[in-house]
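Notes for the one structure printed next.
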Protein chains: 2
Amino acid sequence: MAGRIAAVSIVEAVASDLRTRIFAGELGSGESLTESEVASTYDVARPTAKASIEKLVAEGLLDRGTHKTARVVDLGPESVRDIYLARAYLESEVLRRLARTGDVPEAAVQANRDIAALQSGAPLDVIEPDMRFHTSLIDAVGNERISRMYRSLVGEVRLCMVRVQSLQLLDTALIQAEHQRILELIEAGQGEAAAALLDEHLGRARERLVAAMGGTPGPEAEQPSGLLPQ
Amino acid sequence: MAGRIAAVSIVEAVASDLRTRIFAGELGSGESLTESEVASTYDVARPTAKASIEKLVAEGLLDRGTHKTARVVDLGPESVRDIYLARAYLESEVLRRLARTGDVPEAAVQANRDIAALQSGAPLDVIEPDMRFHTSLIDAVGNERISRMYRSLVGEVRLCMVRVQSLQLLDTALIQAEHQRILELIEAGQGEAAAALLDEHLGRARERLVAAMGGTPGPEAEQPSGLLPQ
DNA sequence: GCCCTATGATTGTCTAACAAGTACACATGA
DNA sequence: TCATGTGTACTTGTTAGACAATCATAGGGC
């Protein structure tokens with residue numbers, strides 16, 4: 001499959017590129033984006049640029065008030081907690097449901113395999129397969145709205161990760177091992193245990209992000225306890 | 001409080017009125033809304049009308065593809081199930097959390113009082129306080145993103161209800177009694193029982209809506225079992 | 001030093017227009 | 001008859017340029 005053709009609108013194309021640049025860290029937190037700037041950068045009309053910006057605002061990637069210039073959102077520690085708790089909210093319940101049938105979604109297995117295949121590349125590289133692991137679990141319940149809601153969080157989550165990309169907060173091997181264990185617990189029908197491990201998994205990431213942003217981390221930031229075998 | 005001043009943009013004003021008309025059933029399912037129509041109706045420029053329409057599309061109230069006229073969404077039985085299961089997903093977990101602390105949000109109590117105060121008015125009248133009851137429970141957990149996600153469902157839920165407004169699927173007294181019982185269970189710290197009752201509450205509404213839309217209802221459509229006292 | 005005004009930058013909205021796409025009816029061909 | 005092509009009307013996508021309203025900042029007056 002050599003890249004399917006994409007006949008998207010100009011608005012979507014511009015929004016997509018801006019998104020990429022934000023995720024790549026090229027547009028840092030708090031950076032301003034005027035409509036005219038975007039318009040001239042991409043050589044489009046201002047209304048088109050405006051529509052693109054509004055799209056990203058709706059996604060939570062940009063922030064703007066009436067008559068004010070849009071800025072890349074600057075997530076504080078409280079927002080990080082808010083985002084991660086909302087994630088855990090959705091995901092833990094998903095794990096319980098999946099454990100009831102014991103189905104392990106193939107896409108999640110593959111995503112975790114991709115994480116394992118990473119050889120100490122750039123720390124940024126783990127983000128994509130990590131995200132894919134979590135989204136594929138969500139998608140496995142087959143509820144369109146739940147998937148949609150989760151995706152509205154994913155943009156902000158990535159933003160968090162970009163912000164602290166260079167800080168090496170996450171140990172790839174640990175991430176991979178915990179994912180693996182979660183999948184095993186699902187297969188074994190142990191939903192509560194899977195949810196508990198997920199809470200630890202997300203809680204640790206959350207509190208380390210908080211600490212890295214200058215907030216005071218909770219106890220979840222510590223190293224993993226005995227939930228993983230040996 | 002005599003109607004607070006609203007200095008919103010024209011786009012928002014138009015979108016808001018369209019929303020009201022959709023919720024009031026004035027714009028029925030499948031009805032088309034061209035940009036020029038909207039523009040001339042409200043005497044605004046077409047780009048403004050376009051933006052309003054796109055806002056409603058993002059909310060899930062309108063449906064449209066590229067170069068195609070926007071239409072009021074026509075929710076089928078599968079969508080109704082999807083929406084209600086997503087609701088239950090969020091709400092049941094909320095009840096468990098609220099039960100842990102035993103806090104009963106005052107806004108929910110008030111909303112249910114408003115339902116009780118309804119005297120056999122139009123069947124449509126119960127929708128607003130009913131929604132308010134559920135949203136106030138969600139808001140009580142204090143997570144901005146979860147509240148936002150829930151609100152993205154509310155629009156579609158109301159759409160369902162409008163569609164079957166005249167069918168009298170819901171007995172106001174029963175709704176009110178179940179709400180009351182849910183609040184009691186939260187206060188008593190019985191989160192699981194509250195979640196179970198909520199599931200029954202939503203499941204019944206869901207399957208009756210499905211039946212009313214021509215789908216084949218599940219067993220949840222039946223009268224309430226013994227979960228309520230006497 | 002502080003408050004107020006003036007200027008510039010930016011956004012909100014409009015008009016007008018053209019390009020491009022969709023949908024439907026119609027005619028043409030096998 | 002059915003499938004295919006064509007054409008026209010309608011609708012949306014995008015642009016250009018303009019003006020008003022608002023925000024931010026710098027400068028002057030006290």
Side-chain angles (χ1 to χ4, degrees), chain A residues 3-22 26-74 76, chain B residues 4-22 26-74 76 155:
Chain A
R4 90 190 76 165
I5 56 167
V8 294
S9 70
I10 295 183
V11 171
E12 177 50 45
V14 171
S16 176
D17 192 72
L18 286 174
R19 209 174 310 158
T20 304
R21 287 169 61 193
I22 291 171
E26 189 180 332
L27 266 43
S29 287
E31 203 142 330
S32 65
L33 272 175
T34 68
E35 296 183 354
S36 336
E37 258 172 42
V38 174
S40 65
T41 302
Y42 294 99
D43 199 35
V44 297
R46 191 161 69 87
T48 306
K50 180 190 188 66
S52 304
I53 287 174
E54 272 162 3
K55 218 165 162 50
L56 297 183
V57 168
E59 287 178 28
L61 263 41
L62 297 182
D63 210 2
R64 117 196 276 197
T66 25
H67 287 284
K68 279 193 281 191
T69 302
R71 296 177 173 283
V72 178
V73 291
D74 190 8
Chain B
R4 88 191 79 165
I5 56 166
V8 294
S9 70
I10 295 184
V11 171
E12 178 50 44
V14 171
S16 176
D17 192 70
L18 285 174
R19 207 174 307 152
T20 305
R21 285 170 62 193
I22 291 171
E26 190 180 332
L27 265 43
S29 286
E31 203 142 330
S32 65
L33 272 175
T34 67
E35 296 183 354
S36 337
E37 257 172 43
V38 173
S40 66
T41 302
Y42 294 97
D43 198 35
V44 296
R46 190 161 70 85
T48 306
K50 180 189 187 66
S52 303
I53 288 174
E54 273 162 5
K55 216 165 164 52
L56 297 182
V57 168
E59 288 178 26
L61 263 40
L62 297 181
D63 210 0
R64 97 138 117 187
T66 26
H67 287 283
K68 278 193 282 191
T69 303
R71 297 179 172 282
V72 178
V73 292
D74 192 7

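Each chain gets a letter, A, B and so on, in the order the sequences are listed, and its residues count up from 1.
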### Message
How many whole angstroms separate atom CG of B:L33 from atom C1' of D:dT12?
### Response
14 Å
#### Entry: Atom pair distance, as rounded to whole Å: CG in A:D43 and P in D:dT14
14 Å
### Query
D:dT12 P sits how many Å from B:K50 NZ, rounded?
8 Å
### Query
Hey, where on DNA chain C does chain B first and last touch, going 5' to 3'? Cut-off is any atom under 4.0 Å from a heavy atom.
C:dT13 to C:dA23
### Task
With heavy atoms under 4.0 Å as the rule, sort B:R46 into base, sugar-phosphate or nothing.
base
### Task
Provide, to the nearest angstrom, the distance between the OH atom belonging to A:Y42 and the C1' atom belonging to D:dG13.
19 Å
### Task
List the steps and the verdict of salt bridge (charged side-chain N to carboxylate O under 4.0 Å, His left out) for B:E31 and B:R21.
CA-CA 12 Å; B:E31 203 142 330; B:R21 285 170 62 193; over 6 Å; no
### Message
Quick check for you: among D:dG13, D:dC23, D:dA16, whose closest atom lies nearest to any side-chain atom of A:A45?
### Response
D:dA16
### Query
Which residue, A:H67 or B:A70, contacts DNA chain D at a nucleotide closer to its 5' end, judged by nearest heavy atom?
B:A70
### Message
In the structure I gave you, are the side-chain heavy atoms of B:I10 and B:Y42 within less than 4.5 Å of one another anywhere?
### Response
no
### Summary
Here the gap from A:S9 atom OG to B:H67 atom NE2, rounded to the nearest 0.5 Å, amounts to 9.0 Å
#### Entry: Rounded interatomic separation in angstrom, taking CD from A:E35 and P from D:dC23
15 Å
### Query
Tell me, do B:R19 and B:E59 make a side-chain contact under 4.5 Å, heavy atoms counted?
yes
### Summary
Between A:P47 and A:I53, the residue closer to the 5' end of DNA chain C by nearest nucleotide is A:I53
### Task
May I ask you to test the A:V72-A:L62 pair for a side-chain heavy-atom distance under 4.5 Å?
yes
### Task
Look up atom OG in B:S16 and atom CG in B:L56, then write down how far apart they are to the nearest 0.5 Å.
9.0 Å
